[in-house]
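See structure below.
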Protein chains: 2
Amino acid sequence: MESNNRFDKEYEVQYEQHWEKLQQALDDDNLEGFRSEFLDMHPYDQAMFFMEQEKAIRLQIYTYLSPEEIGDIMESMDEEDTQVLMAEMDPRFASMVLAEMSADNAVDILNELEKDQVASFLTIMDKEAAEEIKQLLHYEEKTAGSIMTTEFVATYKTYTAQQTMQQLKEDAPEAETIYYLYVLDKDKRLVGVLSLRDLIVANENTLIEDIMSEKIVAVSVGKDQEEVAQMMRDYDFLALPVVDFQDHLLGIITVDDILDVMEEEASEDYSKLAGVSDMDKPHDNAFVSARKRLPWLIILLFLGMFTASLIGRFEETLNQVAVLAIFIPLIAGMAGNTGTQALAVAVRGLANGDYGKQGKAKLVMREACTGLINGIVCGLVITLVIYLWKDSIYLGLLVGISIAATLLVATLAGALVPILMERMHIDPAVASGPFITTINDIISILIYFGMATVFMGFLT
Amino acid sequence: MESNNRFDKEYEVQYEQHWEKLQQALDDDNLEGFRSEFLDMHPYDQAMFFMEQEKAIRLQIYTYLSPEEIGDIMESMDEEDTQVLMAEMDPRFASMVLAEMSADNAVDILNELEKDQVASFLTIMDKEAAEEIKQLLHYEEKTAGSIMTTEFVATYKTYTAQQTMQQLKEDAPEAETIYYLYVLDKDKRLVGVLSLRDLIVANENTLIEDIMSEKIVAVSVGKDQEEVAQMMRDYDFLALPVVDFQDHLLGIITVDDILDVMEEEASEDYSKLAGVSDMDKPHDNAFVSARKRLPWLIILLFLGMFTASLIGRFEETLNQVAVLAIFIPLIAGMAGNTGTQALAVAVRGLANGDYGKQGKAKLVMREACTGLINGIVCGLVITLVIYLWKDSIYLGLLVGISIAATLLVATLAGALVPILMERMHIDPAVASGPFITTINDIISILIYFGMATVFMGFLT
């Protein structure tokens, strides 16, 4: 998209000017000049500038900024960039930075380190911050507990609107979000929720319990992050409270963290469909990339060998009618394509919770019919083309019928495999494209050579 | 995940109780009973209940609820469900419902209808609402303009904090979000932004221009929605202002709409990778599904025929050494798998903006090296296996070298195709798995039979 308004244009110009001034200040070792330019930028832009620099320059910048300022930058960074920083910072400085960050983000960073590294960071860290982080470190990765923050605003149901507003003014600078206030009873159990909007329009002397909503949607601390994201999307909340089994409020999950979760989960499903278990990072070198992809390729290689040995059993047939070999990739390819289509539809549908128990049976039925329709259409087309090309109606019929049967079975397999995996409590997204393609290769070859044996008399 | 806290359990129990009471009220035609139960639920749950009912029951429910109440339900619905409702509601009632919805969501619904239907809805609609909707209808689908809402809170830079707070209390019930306030000059141009948090902690008599931020991040009205989502994720905003080319504030985009955009775009990339241009809906029947998938399958069928005709050229070779045919699916399959992996990495990376100009050259280099490493490893494995299985070192070498060369070229192709597509201003995600698989089929067969001609003397 072209930039056609002042903000886009100004933004770019500002950006370049900032950049130049910052480089100049670094060259001149001008601390004040650097700080005034740098702190004027959004943390995301600060992070972009920071990661563009050589390591030597970054070491210079650390001496210019406070741990809190570095913490702000790290909150805007990708996981891999934060790891670069953690490795190059002085450990004492790094622990001060972590202490200044919001606890949930600090935990994300620590979760990527070795256990003894984490322990040593926590030892030298400010005690209060370390306590908060230790609590969050207990929670399993990818659960509500691991993405929640403990910096929320709570009030009591016996407070008035004015008292709460006063409390809020004090808490606001620290809190992750102030747009929802959580209402506790005297045992600190969550009993209500109040949006800032409701507080603002309320009369000053109103009691919180009279304006709070008791229809709380909360998640338990062990809930899967993908389900949390789904809930947030469905209910359009900006934040969700996280509670333990006794309804004590442990933390909140804010929508900005959910945006990252959604991006992460979408990337994950996408890579699984492509058969890349762990997506390559932009900075990975070829050896790292190769190591990530090889396991899949080796498995598929052996499955492919199995396919080859299947065809090997029909070597005699091939020796008699070599022309049969010509259509092997076509039939196997079509089986793979249609299977991947059906797979994607089923995996996406299951992830979105589109299909109930009855829905799944209906899905399988529909895929069977879809496979049949597609099979008949493609089969007719190919029979005609081969008849015109090779002038053999029998060869045409053999390939056409094989394609029709293959498409039916392959489409069905594409839908059934993820459903069965879900029933076995395996994430259906693991049923990747290459996997279903290889299964369908095998199916298609059995069908094709099975048919060929039937047609043998007409072909030789 | 098991529900192990009061909220999850209570929620389910509440849910079932609601459900039963609602059904009972409908059976008894008890309007008051129905309303008090129904309006006690979250709109998302209302929508779930509503769509579970038969059409006849839904027609009964329409008579129980006001257009505004139906509007709230529709805001929580999927696109396809809203279309069902639009088709079955009385047009006059439907236009009243649309008028009550927030304009951006009403436009989303209208965008799915025929032009003359839209025109007739707008004619019978409340004038003010119709005007607002007409303005938004101008904007192209999937741009910032089409997802923005015009219900924002604006203030002027010469106001005090107290005046603004007063204004806010009036606007709050209507506004889509009150957590950012947009500051205008006397020509109604956007000159600053203020978070509600800053307003709350400010002194009552402070002027807005003294506390507002002038570092505005705004998007132009024609910007692609995917880029808007990216910006929101990077900068962690809850809302983004949308301006025209003269910096007039046209509307805002809130984070809850962005969650839907991200879900939509992720689904789209996922389906493209699988070669399903338009994802099947759960309610689609087999004919609709088949029609959506057939175009791709037919294209791939003809590409497959091309592959077949390529092999046909080597029929003589195949007649002499039928065993060659055995390994065709293995080699083509490996090419497809490795190509899809490289494709997914490149498409994801390009979508995330991970690669600059230099980055792309580096990516291609890395993929070449990755392909080489994977090729050598897989080639060695397969040579060994075939040597042991078929007791022919020459056949092993032929297949091994072919696999090595194929993996190198196919990996490179997987990375190059999306990069070239991006350069030609085509969405790289269009380079789907089946497409790259078919290209790689062709490459692999040329390499394999090319090699076979070299090895011919040793094989017969």
Side-chain angles (χ1 to χ4, degrees), chain A residues 1 4-7 44 169 172 178-179 197 201 218 220 223-224 233-236 243 245 247 255-256 259 262 266 273-274 276 280 282 286 289-290 293 300-301 304 307-308 311-312 318-319 322 325-330 332-333 337 340-341 344-345 354 366 369-370 373-374 378 433-434 441, chain B residues 1 4-7 44 169 172 178-179 197 201 218 220 223-224 233-236 243 245 247 255-256 259 262 266 273-274 276 280 282 286 289-290 293 300-301 304 307-308 311-312 318-319 322 325-330 332-333 337 340-341 344-345 354 366 369-370 373-374 378 433-434 441:
Chain A
M1 289 302 307
N4 57 0
N5 69 55
R6 183 175 71 93
F7 291 106
Y44 176 73
K169 284 192 189 189
I178 60 164
Y179 303 130
R197 188 192 293 238
V201 297
S220 59
K223 209 179 194 77
D224 186 83
R233 197 167 74 80
D234 286 342
Y235 289 97
D236 281 347
V243 294
F245 66 103
D247 305 331
V255 69
D256 55 306
L259 289 179
M262 283 183 66
L273 183 62
V276 202
D280 303 23
S289 286
R293 299 187 206 167
L300 295 169
L301 189 66
T307 317
I311 305 181
L318 278 171
N319 262 329
I326 295 178
F327 298 101
I328 295 176
L330 172 70
N337 294 330
T340 308
Q341 289 181 331
V345 170
D354 285 344
R366 188 192 71 190
C369 294
T370 306
I373 297 170
N374 286 345
C378 291
D441 273 356
Chain B
M1 289 301 308
N4 55 1
N5 68 55
R6 183 174 70 94
F7 291 108
Y44 176 73
K169 285 193 188 188
I178 60 163
Y179 304 131
R197 189 193 292 239
V201 297
S220 60
K223 209 179 195 79
D224 187 83
R233 197 167 73 81
D234 287 342
Y235 289 98
D236 281 347
V243 293
F245 66 103
D247 304 332
V255 70
D256 54 306
L259 290 179
M262 284 183 65
L273 183 63
V276 201
D280 302 23
S289 286
R293 299 186 205 167
L300 295 169
L301 189 66
T307 316
I311 305 180
L318 278 171
N319 263 328
I326 295 179
F327 298 101
I328 295 176
L330 172 69
N337 294 331
T340 309
Q341 288 181 331
V345 169
D354 285 344
R366 187 192 70 190
C369 294
T370 305
I373 298 170
N374 287 345
C378 291
D441 272 357

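Letters A, B, ... are given to chains in the order of the sequence lines, protein chains preceding strands, and every chain is numbered from 1.
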Which residue out of [options] racks up the most heavy-atom pairs below 4.5 Å with chain A?
options	answer
B:C369, B:A332, B:P329, B:A266	B:P329
B:I311, B:N319, B:I328	B:I311
B:N337, B:D256, B:I326	B:I326
B:L318, B:I373, B:V201	B:I373

Can you check whether [X] reaches [Y] side chain to side chain, under 4.5 Å on heavy atoms?
X	Y	result
B:M262	A:R233	no
B:T307	A:L330	no
B:R197	B:Y179	no

Legend entry - Qualifying residues under side-chain hydrogen bond (donor to acceptor under 3.5 Å, both in side chains), relative to A:D234, sequence neighbours excluded: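 By the side-chain hydrogen bond (donor to acceptor under 3.5 Å, both in side chains) rule, A:D234 matches B:Y44.
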Inset, instruction - Please identify each residue that fulfils side-chain hydrogen bond (donor to acceptor under 3.5 Å, both in side chains) with B:D236, with sequence neighbours left out. - result: none
Legend entry - Residue A:I178 versus chain B: region with a heavy atom under 4.5 Å: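 Contact with chain B is through both the backbone and side chain of A:I178.
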Inset, instruction - Using non-hydrogen atoms and a 4.5 Å limit, figure out which bit of A:L300 sits close to chain B: side chain, backbone, both or neither. - result: both
